[in-house]
Amino acid sequence: MPAAPSDFIRDIVAAHVAENIYSRIHTRFPPEPNGYLHIGHAKSICLNFGIAREFGGVCNLRMDDTNPAKEDVEYVDSIQADVNWLIAGWADDKLGLKPKGMTPETVAEEGRRDFYLPAVTQSEIGNRKSEIFEPFYASDYFDQIYDFAEQLVEKGKAFVCDLTPEETDEYRRNGKASPFRDRGVEENLNLFQRMKAGEFTDGSRVLRAKIEVDAANIWMRDPLLYRIKKTEHHHTGAKWCIYPMYDFAHCLSDYIEGITHSICTLEFEVHRPLYDWILESLGLPRPLPHQYEFARLSLGYTVMSKRKLMQLVDEKLVTGWDDPRMPTISGIRRRGVTPEALRNFAYNIGITKYNGLTDVSVLEFAIREDLNKRSLRRLAVLRPIKVVITNYAAGQVEELEAVNNPEDETAGKRKIPFSRELYIEREDFAEVPPPKFFRLKPGGEVRLKYAYIIKCEEVVKDAAGNLVELRCTADLDSKSGGATSNRKVKGTIHWVSAAHAVEAEVRLYDRLFTEAEPDKDGRDFKSVLNPHSLEVVTAKLEPSLKDARPEVRYQFERLAYFALDYDAQPGKLVFNRTITLKDAWAKAAQKS
RNA sequence: UGCCCGAUGGUGUAACGGUAGCACAGCAGACUCUGAAUCUGUUUGUCAUGGUUCAAAUCCAUGUCGGGCAACCA
């Protein structure tokens with residue numbers, strides 16, 4: 001990992017640490033459980049946990065679950081799994097721990113009610129099993145948030161409004177005061193309590209902050225704090241029929257958890273005055289959290305909105321949220337990308353307030369850099385053509401030594417069987433070779449990696465003119481590692497022994513869209529789906545791959561990086577192509 | 001339209017009044033039993049116009065362009 005990152009938010013945190021403003025830096029990652037996490041969330045996770053890491057702090061994973069209509073435990077579970085995967089071995093010791101069922105404590109300070117979540121430190125946790133922990137939930141604070149709302153009513157800073165949604169909208173747009181704005185405290189309290197008790201229908205009443213009817217910032221025009229929604233909640237069940245709005249719940253959840261730096265994306269910038277207003281209006285005793293905003297990630301050739309990703313899933317344009325073509329964390333993981341690669345990517349793109357479009361090549365570089373160091377090299381042929389070595393005895397088999405990872409000597413070596421009949425890659429033979437073609441051609445020579453130099457003597461075709469097999473002779477003095485192996489030929493290609501090859505289903509994934517900005521200018525992003533984003537082939541693999549394991553990364557030499565898919569069964573190998581190797585030849589060939 | 005925010009090579013970022021640097025991409029070359037990796041070299045940039053200053057990417061003003069917000073979503 002490179003040197004400690006620096007950006008404007010970390011600069012602020014560093015200054016606060018230097019000034020000793022907070023006893024401890026405390027961030028949070030607060031997704032709404034209404035979809036799967038994507039690579040944009042990964043940027044945020046790396047930021048929030050990264051800060052906790054660099055400044056000796058803690059970062060809470062909090063479900064921002066104030067809208068039960070859209071949320072589900074399926075998402076809670078996936079979010080937890082994705083976060084844990086991404087921070088494992090890096091910042092998992094910074095994850096804020098919350099024992100199941102723990103709720104905020106009430107404290108009276110100078111006559112004021114205050115609620116806080118007792119800090120659980122690593123040492124207090126001791127040896128307790130992780131099963132007793134759960135993520136933080138904004139919905140765990142509904143009692144306290146409700147109480148804060150009543151406090152606001154009592155202070156004359158909130159009122160119950162009977163306007164219809166349409167009327168509310170119109171009044172706010174025109175900066176007009178609600179006719180219910182000056183209701184008395186007692187009446188407001190009574191009405192609010194009856195809202196809670198379920199006496200009114202959805203949409204008939206709301207609780208609003210009393211701030212300013214015609215503020216320049218629309219979010220300060222008496223914003224909604226609570227709405228009636230007679231919907232069961234995935235975490236609190238049927239307990240509530242009123243739910244706090246994001247603006248009200250979020251700042252208070254931050255406060256309750258003792259968050260110091262509440263980091264979110266740019267679109268919340270205009271909400272910041274409201275965030276501050278709520279906390280300040282309550283006259284809270286402890287240091288208040290503050291909100292800081294950064295630019296969300298936009299990546300070329302992908303869509304990032306949960307709505308669009310859900311559309312891809314619902315309309316079965318992909319196989320699911322974890323389809324390896326999806327920019328979701330689960331999709332990226334399934335594709336074979338490691339958390340380290342994703343973290344390095346997040347590091348490389350930085351944190352700013354500028355809304356740019358990050359080139360996918362930055363992501364691809366991070367993935368290749370990581371996989372190059374860790375992956376085991378293997379020989380595999382994706383699109384086989386048969387080669388017969390005519391001067392090599394039928395039935396003879398040699399076990400040739402091959403290096404597992406030239407980047408890592410400790411990865412050791414293995415044996416690969418060589419015999420008379422082989423498969424080579426269809427692309428590695430050209431009957432009419434283009435200029436600078438270093439591979440096999442009629443009458444030409446090429447090195448078989450770890451084996452012999454062969455010469456193509458004859459091209460055998462069927463009646464229809466299709467290529468059937470290549471008949472070649474080997475230079476038997478040229479065996480790799482042998483005393484007479486020094487002769488150079490320009491090209492080296494991969495191969496597998498036909499008799500020893502294992503078959504596997506190999507899924508060749510490519511980018512999901514054909515355009516860098518799929519939704520540019522309001523275009524339907526589905527109209528630019530890449531029809532070739534998935535190709536499935538039956539490949540021939542060297543036999544050692546029979547024992548492939550899901551946690552290991554492989555490079556099929558000269559082709560790409562691969563990882564075992566969870567669809568693999570005993571006796572049925574399934575590999576996902578994570579990313580191709582860089583291919584200067586393909587690029588050169590394309591140019592001419 | 002109102003309010004808020006932003007603008008540094010093709011892309012993403014650094015420089016915090018004092019030499020415009022890094023990464024990706026690109027290009028050229030070296031090496032190569034992976035046309036990978038590695039190594040070397042290299043093209044390209046401070047939105048515009050004024051002002052302050054010995055000195056401006058940086059401070060100020062105006063403009064231009066881009067983004068966000070104007071949900072009983074988050």
Side-chain angles (χ1 to χ4, degrees), chain A residues 2 6-8 11 30-32 34 64-67 69-71 161 163-166 168-169 172-173 175 202-208 215-221 223-229 242-243 245-247 249-250 264-273 293 295-297 300 306 347-366 368-369 372-373 377 379 402-403 406-407 436-439 446-451 453 478 480-481 485 488-494 516 555-561 580-589:
Chain A
S6 162
D7 53 65
F8 76 99
D11 289 348
E32 185 189 12
N34 68 345
D64 207 359
D65 54 351
T66 56
N67 183 8
K70 292 185 174 173
E71 298 156 7
C161 180
L163 254 24
T164 66
E166 296 72 31
T168 309
D169 200 40
R172 289 187 75 199
R173 231 189 354 252
D202 284 16
S204 60
R205 285 191 163 86
V206 293
L207 183 73
R208 288 229 248 164
N217 181 345
I218 311 242
W219 287 103
M220 296 300 268
R221 319 243 262 228
L224 278 65
L225 265 25
Y226 261 94
R227 78 284 213 190
I228 302 168
K229 201 177 271 252
I242 57 171
Y243 293 95
M245 299 288 292
Y246 162 82
D247 288 294
H250 202 92
C264 60
T265 44
L266 252 24
E267 67 270 26
F268 293 100
E269 218 161 7
V270 287
H271 295 237
R272 194 184 337 127
E293 311 87 11
R296 60 158 16 105
L297 170 66
K306 278 192 205 168
Y347 171 85
N348 287 138
I349 57 178
I351 299 291
T352 63
K353 298 187 73 154
Y354 175 72
N355 268 306
L357 178 68
T358 299
D359 201 306
V360 267
S361 66
V362 181
L363 207 214
E364 292 173 342
F365 174 81
R368 289 192 179 106
E369 185 187 43
N372 175 49
K373 280 184 216 133
R377 271 57 172 180
L379 299 188
V403 173
E407 305 287 324
K436 297 251 182 89
F437 186 79
F438 303 156
R439 285 111 100 139
V446 77
R447 155 83 62 189
L448 295 177
K449 178 110 183 173
Y450 299 125
I453 292 171
S478 67
S480 296
S485 67
K488 301 282 182 209
V489 287
K490 190 65 186 168
T492 299
I493 64 173
H494 58 277
Q555 183 200 104
F556 294 177
E557 289 213 39
R558 301 207 311 129
L559 296 170
Y561 296 99
T580 60
L581 253 34
K582 267 177 73 175
D583 191 348
W585 166 243
K587 198 187 292 174

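Order of the sequence lines fixes the chain letters, A, B, ..., with proteins taken first and strands second; residue numbering starts at 1 for each chain.
For A:F365, the ring pair (Phe, Tyr, Trp, His ring centres under 6.0 Å) criterion is met by no residue, not counting sequence neighbours. Listed by chain and number, the residues in a ring pair (Phe, Tyr, Trp, His ring centres under 6.0 Å) with A:F556 are A:F562, A:F575 (sequence neighbours excluded). In this structure, the side chain to side chain donor-acceptor pair (under 3.5 Å) partners of A:E267, at least two apart in sequence or on a different chain, are A:T265, A:R296. Residues meeting the side chain to side chain donor-acceptor pair (under 3.5 Å) test with A:R439, sequence neighbours left out: A:D428. Residues satisfying the side chain to side chain donor-acceptor pair (under 3.5 Å) test with A:S6, not counting sequence neighbours, are none. For A:S361, the side chain to side chain donor-acceptor pair (under 3.5 Å) partners at least two apart in sequence or on another chain are A:D359.
Taking atom C1' in both B:U38 and B:C33, the straight-line distance is 16 Å, to the nearest Å. Between the P atoms of B:A36 and B:C31, the separation comes to 14 Å (whole Å). Between B:G18 and B:A23, the distance separating the two C1' atoms is 26 Å to the nearest Å.
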Each nucleotide N or O in nucleotides 36-39 of chain B that has a protein N or O under 3.5 Å away: list the pair and distance.
| residue | atom | partner | partner atom | Å |
| --- | --- | --- | --- | --- |
| B:A37 | O2' | A:N372 | ND2 | 3.1 |
| B:A37 | O2' | A:E407 | OE2 | 3.0 |

Atom pairs, protein N/O to nucleotides 30-33 of chain B N/O, distance under 3.5 Å:
| residue | atom | partner | partner atom | Å |
| --- | --- | --- | --- | --- |
| B:C33 | OP1 | A:K488 | NZ | 2.9 |
| B:C33 | O4' | A:T492 | OG1 | 3.0 |
| B:C33 | O2 | A:Y450 | N | 2.9 |
| B:C33 | N3 | A:S480 | OG | 2.0 |
| B:C33 | N4 | A:R447 | NH1 | 3.0 |
| B:C33 | N4 | A:S480 | N | 3.0 |
| B:C33 | N4 | A:S480 | OG | 2.2 |

Atom pairs, N/O to N/O, protein against nucleotides 57-60 of chain B, distance under 3.5 Å?
none

Listing time: all N or O pairs from protein to nucleotides 16-21 of chain B that are below 3.5 Å?
| residue | atom | partner | partner atom | Å |
| --- | --- | --- | --- | --- |
| B:C16 | N4 | A:D11 | OD2 | 3.4 |

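Place A:K436 and A:V362 on RNA chain B by their nearest nucleotides, and A:V362 ends up nearer the 5' end. Heavy-atom distances to RNA chain B give each of A:P31 and A:F556 a nearest nucleotide, and the one nearer the 5′ end belongs to A:F556.
Contact record, A:S478 with A:I453: OG-N, 2.8 Å, taken as the closest heavy-atom pair.
Distances shorter than 4.0 Å separate some side-chain N or O of A:T66 from OP1 or OP2 on B:A74.
Looking at heavy-atom distances under 4.0 Å, A:K229 makes contact with sugar-phosphate atoms alone, never a base. In this structure, A:G203 reaches the bases: a heavy-atom distance under 4.0 Å links it to at least one base atom across the strands shown.
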For nucleotides 63-70 of chain B, 5' to 3', base contacts (B), sugar-phosphate-only contacts (S) and non-contacts (-) with protein non-hydrogen atoms under 4.0 Å give ----SBSS

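Checked against B:A74, B:U34, B:A71, the side chain of A:K70 finds its nearest nucleotide in B:A71. Of the listed nucleotides (B:C73, B:U34, B:C5), B:C73 has the atom at the smallest distance from the side chain of A:E32.
Ion pairing of A:R173 with A:D169 is present here, as a side-chain N (NZ or NE/NH1/NH2) and a carboxylate O approach within less than 4.0 Å. For A:E32 and A:K70, the salt-bridge test fails: no basic side-chain N is under 4.0 Å from an acidic carboxylate O.
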Taking Watson-Crick and G-U wobble pairs with both distances under 3.5 Å, convert RNA chain B into its dot-bracket string, 5' to 3', dots for unpaired and | for cross-strand pairs.
(((((((..((((....[..)))).(((((.......)))))....(((((..]....))))))))))))....

